[in-house]
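Accompanying notes for the structure given below.
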Amino acid sequence: MKRGRSLAYGVLGLPLAFAALPIYVHVPRYYAETAGLELALLGGILLGARLLDALVDPWLGWLADRVARPRMVALALLPFALGFVALLNPPVSQAGPWLLGALALTYLGFSAATVAYQAWGADVGSDSSERTRLTAAREGFGLLGVVLAAALPGVLAAGLNDGIARLSWILPPLLLLAAGITFTCIGPGRPQPASGERLRDSLRGALADPAFRRLLWVFVANGIAAALPATLFLFFVADVLVSEKASGPLLALYFVAGAASLPLWVRLAARFGRVPSWGLAMLLAMFAFAGAGLLGPGDLWPFALICLASGLALGADLALPAAIAADLGERQGRAGACFGVWNFVAKLNLALAAGLALPLLDLLGYRPGGAQGLSSLTFAYALLPLGFKLLAAGLLWRWRDSLEIRS
C-alpha cells in the first residue's frame, strides 16, 4: 500500500519534468530558428523571464501555506498547460511579445504547481521514511519525463523543430492522466492550519531555523557543482571528447542511471540515515569529476562510465536533500514557505552556474568548436565542480547532526 501510494503521488512529477526540458533547453534555439529572433533580444527576454520566475517562488511558497495545497496544484495546471502549448506554437509575427507572455504564463503555472506539489508531499508523508519514498517517487517519475521529452521530438517528426512543436500537444493529455491518478489516489494529507503570517514573516520564519539555513548552504554548493557540468556538457563532449553525436545517448544514460538508483538511495537512507547516504553520493560524484578531468579525444567509453557514476549520484541529490527539507518544513508548519525558498535557490544555482562558467571560459580563451582553450573547458567542467562538491561535503559533515532527522 505504501509503495502504491508513493507511486500515485510521484506520477504527477512526470508531466512537470516533461515540460521543463523543452522550456529550459529547446526554447532558445527554437525561437532563434523558427521565429528569427535576434540573439540579444532573445537573451534579454529569457533572462528577464527566468529572474521573475525565481523571484516569485518565495511568494508562491507563502501562498501554499495559506490555501489547500491540492487545490493550488489543480488551479496551477491550467495556465501551465495553456502557456506550454502557446510557447511552442509561436505566431509568424510578434514572436518577441508572444515569447514573453507565454513564458510568464508557463512559469507561473509550473512554479505554483511545483511548490504546492512538493509541500503536499510533506503533508501526505506520515514520517521521515515515507517522505523520503514520496520524494524519490516524484523525482524518479520526473527523470522519466525528462528522458521522454528528450527522445520524442526525433520520433514525432523528421526535423527537430517540427518535433518540438508537436511535443506541445502531448503535454495536456499526459498532464490530465497523471493528475487524475494523483488526485484520485492521494488524499489531502494532514490539513495545515491557515497561516495568517505576512510574506516577510513567513520567509523569516522559514530561514530562522538553523538546520534549514545550513541545509540551504549545502544545497547551494552541491547545486552549483551539479549545474556547472550540466551547463557545459555539450561543449565538453563536442570539443574535448570530439564525440558530438554521442551527446544524446550519454545524456540518456545519465538520467536513466539517476532514475534507476532512486530505490537504492531510499533503502540506504532507511538503513544508515539520509545524511550519510547523501555524503556517499557526493563521494561517488567527486570520483566521477576527477576522472573526467583526465579524459581527451576518443575517450568515449571511460566517459560513459563517468556518466553512469554521476547519474547514480544524481539519484541521491534528487531524493535525499528535498526529503530533509520536507521534514524541516513540516516541523515548522511552513512546508510551503520552505519549498518556495528551496526552488528559488535551485533556480539561482542554474543562473550562477551559467553566470560563472561561461564568462570564465571566455576570459580563459575557450572558443566553441575549436582547439583553443580546451584545458580551460576541462577545468570548468570537471575540476571546478569537484571543488564545489568538496565544499558541499565538508559542510554536510560539519552539520550532519542537525540535518539528520529520523522518524
Side-chain angles (χ1 to χ4, degrees), residues 1-22 24 73 110 113-152 170-171 174-175 177-186 189 219 222-223 226 230 250-271 274 277-278 280-282 284-285 307-327 339 342-343 346:
M1 288 296 293
K2 286 185 177 181
R3 180 176 296 178
R5 193 167 185 242
S6 297
L7 294 175
Y9 166 77
V11 72
L12 185 57
L14 192 153
L16 291 173
F18 177 88
L21 181 74
Y24 288 106
V73 173
F110 176 78
T114 300
V115 170
Y117 179 44
Q118 291 170 325
W120 186 13
D123 296 337
V124 171
S126 59
D127 54 37
S128 297
S129 296
E130 188 170 1
R131 290 188 196 105
T132 302
R133 288 193 297 269
L134 290 166
T135 303
R138 182 181 69 223
E139 300 300 337
F141 276 107
L143 288 174
L144 292 178
V146 169
V147 173
L148 189 62
L152 275 181
I170 294 178
L171 178 69
L174 188 63
L175 194 60
L177 176 62
I181 294 172
T182 300
F183 279 87
T184 300
C185 300
I186 301 297
F219 184 57
N222 191 68
L250 289 169
L251 275 174
L253 175 63
Y254 172 73
F255 287 119
V256 169
S261 71
L262 285 166
L264 170 64
W265 294 114
V266 171
R267 287 196 291 270
L268 288 174
R271 182 169 182 180
R274 289 177 300 196
S277 299
W278 191 16
L280 177 63
M282 289 183 182
L284 178 61
C307 288
L308 178 63
S310 57
L312 293 174
L314 171 69
D317 283 344
L318 292 175
L320 302 184
I324 299 171
D327 272 352
F339 276 113
W342 189 262
N343 287 333

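What you are looking at is a predicted structure, and each value in this text was computed from that prediction instead of being measured.
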Given the rule in the side chain to side chain contact (heavy atoms under 4.5 Å, CB included) test, do Leu175 and Leu12 qualify, once you have shown the distances and angles that lead to the verdict? CA-CA 7 Å; Leu175 194 60; Leu12 185 57; 4.2 Å; yes
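- With rounding to the nearest 0.5 Å, the separation of OH in Tyr9 from CG in Leu134 is 6.5 Å.
- Taking OG from Ser261 and CG from Leu268, the interatomic distance works out to 10.0 Å, rounded to the nearest 0.5 Å.
- Nearest heavy-atom pair, Arg133 versus Ser6, reported as atom, atom and distance to 0.1 Å: CB-OG, 3.8 Å.
- In this structure, the side chains of Ile181 and Ile186 stay at 4.5 Å or more apart for every pair of heavy atoms.
- Taking the six-membered ring wherever Trp is involved, the centroid distance between the rings of Trp120 and Phe339 does not fall below 6.0 Å.
- Looking at every heavy atom in both residues, Ala259 comes nearest to Pro263 through O-CD, 3.9 Å.
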Per-pair distances, 0.1 Å, donor-acceptor, side chain in residues 15-22, under 3.5 Å, sequence neighbours excluded:
none

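- Note that CG of Leu14 is 5.5 Å distant from CG of Leu174, once rounded to the nearest 0.5 Å.
- Counting heavy atoms from C-beta outward, Ile324 and Arg131 have side chains that stay 4.5 Å or more apart.
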Residue pair Leu320, Ser277: steps toward the side chain to side chain contact (heavy atoms under 4.5 Å, CB included) verdict: CA-CA 8 Å; Leu320 302 184; Ser277 299; 3.8 Å; yes
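- Within the 4.5 Å cutoff, no side-chain heavy atoms of Phe255 are placed close to those of Leu144.
- The closest side-chain heavy-atom distance from Val73 to Phe183 is below 4.5 Å.
- Smallest separation of non-hydrogen atoms from Ala313 and Ala281: CB-O, 3.4 Å.
- How far CZ of Arg138 is from CG of Leu262: 11.0 Å, rounded to the nearest 0.5 Å.
- At distances below 3.5 Å, not a single donor-acceptor pair connects side-chain atoms of Tyr254 with backbone N or O atoms of Ser310.
- Listed by chain and residue number, Asn343 satisfy the side-chain hydrogen bond (donor to acceptor under 3.5 Å, both in side chains) test with Gln118 (two or more places apart in sequence, or in another chain).
- Between the CG atom in Leu253 and the SG atom in Cys307 there is a gap of 6.0 Å [rounded to 0.5 Å].
- Taking 4.5 Å as the limit, some side-chain heavy atom of Asp317 sits within range of a side-chain heavy atom of Trp278.
- Judged purely by atom type and a 3.5 angstrom limit, Trp265 uses its side chain to pair as donor or acceptor with the backbone of Leu312.
- Judged by distance alone, with hydrogens and angles left aside, the side-chain atoms of Thr182 form a donor-acceptor pair with the main-chain N or O of Ala8 at under 3.5 Å.
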